[in-house]
Amino acid sequence: MKRVVNNLGFWILVAMVAGIIVGVTMGEGAGVFAPLGTLFIQLIKMLVIPLVAVSIISGAATLGGSRSAGKIGVVSIGYIMLTTVISIVIAIAAGLIFKPGAGLSAESVGLINSAATSAEQAASTPGFWDTVIGMIPANPIQSLADGNILQIIVFGLFLGFGIAALSGEKRNKIISGLNYILEALIWCIGKVMLVAPIGVFGLMAEATGTFGFDVLLKVANLLWVDLLAVLVMGLAVYPITIALLSRVGVVEFFKAMLRPQIIAFSTASSMATLPVTMAACDSLGIGKQTSGFVVPLGATINMTGNAIYYTLVALFFAQFYGIELGVAQYVAITVTASLGSIGQAGVPGPTLMVVAVLVSAGIPIEGLPLLYALDRIFDMIRTVLNITGDAACAAVTDRFAE
């Protein structure tokens, strides 16, 4: 009982239910609780830009320094990048086929102004090459001030690789400093999440009172489409790569991974599952040198489950708001979801990187708190896929990096 009382996810769930009840009871009068949700959203927005910038710089610096790991580093990072892009393609296909956010018009949920503004912005978005050129910032400081996510990512990658090119002692000092800043940001996020139940209550009360209960059923659509995309990646793509590119049998692989997957599902943390995943790799005959490098690296940057979630959330809200996405927006979603998933720490909790994906494609983030109450379920599902990908990467790398 004490565990339940101290569980933030439990209180977010309670707040969600309470908000729905108040919204249904009070109707549009529940809008009086809207400032509670607005405050929570503002606190999240405050942390998004510095979190993205520091995460990308630190991740690029770490990746750039992995060249010393030789073949293991090249093969594992190549595999991670390839499977991340594949997972995003699967998510885009699932989102376009099943359209989880379609069915409610902007007028029926009172979002006509927000949707019209966003549609206008999308219509005026430059073409493919203009978008690519526009990704390069003329002034990185201005990009940070404007919150231009793609430009921040590009500059962060360049700076991160520049840091990686420094001598060992200099590089390690800077990376340590960046990691300390990340720790401080994570502390800030932890404090913001303490008020999440209050914010979720306000947002759910207003959403239910203003939009009606039907809008909440859309989240269930997103959940099953996300689960479907995860199953395709986990039960089709990874088994195919294991069968074709490793010496490990597919059946043996999944037998060994059953325990890590259960732990990953219950903890929603790749880091917490790390020792068990490494033990599973050992039982599969994967070399300790390979698993010792690949699995910890994967727990940090191999987040195909996150990439699927970010992409589907972007498509969900684009469909929900009636925004037509063009090539430029899909490029923005793909790039930001790929690099954002790499920059996401392997710890549980509502992810802020999805905000970066929405912002990069010009999609409103106002409806995002509707997902927070179920984020723990999404997190548990995507973490299982993440750690499965870590072990699959180790199996493939072990064959090619001899």
Side-chain angles (χ1 to χ4, degrees), residues 16 19-20 23-24 28 30-31 34 37-38 40-41 44-45 48 88 91-123 125 149 199-200 202-229 306-326 328-330 332-334 336-337 340 350-375 377-378:
M16 178 196 72
I20 291 172
V24 170
E28 292 190 4
T38 303
F40 180 54
I41 288 289
I44 290 175
K45 285 182 175 179
V48 169
I88 291 171
I92 290 175
L96 292 177
I97 292 170
F98 297 105
K99 301 186 183 303
L104 286 180
S105 65
E107 292 87 347
S108 69
V109 294
L111 296 171
I112 186 166
N113 292 332
S114 180
T117 302
S118 298
E120 222 174 86
Q121 291 172 347
T125 303
I149 301 295
V200 167
L203 290 159
M204 294 302 288
E206 183 200 16
T208 308
T210 305
F211 307 151
F213 189 72
D214 286 349
V215 73
L216 302 179
L217 297 179
K218 290 298 170 187
V219 180
N221 285 345
L222 179 62
L223 182 62
W224 77 258
V225 174
D226 178 72
L227 180 59
L228 179 64
N306 294 50
I308 287 173
Y309 176 71
Y310 300 158
T311 305
L312 281 174
V313 168
L315 267 62
F316 174 84
F317 282 114
Q319 292 162 5
F320 180 77
Y321 284 98
I323 299 171
E324 289 291 332
L325 299 177
Q329 285 76 45
Y330 283 115
I333 289 170
T334 302
T336 313
T351 174
L352 299 184
M353 287 295 179
V354 71
V355 179
V357 178
L358 294 177
V359 170
S360 72
I363 300 169
I365 70 168
E366 281 74 15
L368 192 59
L370 291 172
L371 306 182
Y372 287 169
L374 293 180
D375 189 79
I377 299 173
F378 282 111

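Numbering starts at 1 and runs along the sequence shown.
- Counting all heavy atoms, side chain and backbone alike, Y330 lies closest to L96 at OH-CD2, 3.2 Å.
- Using cut-offs of 30° and 60° for the angle between ring planes, the F317 and F320 rings count as perpendicular.
- Summarising the geometry of A94 relative to A229, their closest heavy-atom pair is CB-CB, 4.4 Å, with the distance given to 0.1 Å.
- Proximity of a side-chain donor or acceptor of Q319 to a complementary backbone N or O of G95 within less than 3.5 Å is detected.
- Between L228 and F98, the closest side-chain pair of non-hydrogen atoms falls below 4.5 Å.
- None of L222, I333, I363 except one satisfies the side-chain contact (heavy atoms from CB on, under 4.5 Å) rule with L315; the exception is I333.
- The CZ atom of F378 sits 9.5 Å away from atom CG of L227, with the distance rounded to the nearest 0.5 Å.
- Taken from OG1 in T311 to CG in N306, the straight-line distance is 10.5 Å, to the nearest 0.5 Å.
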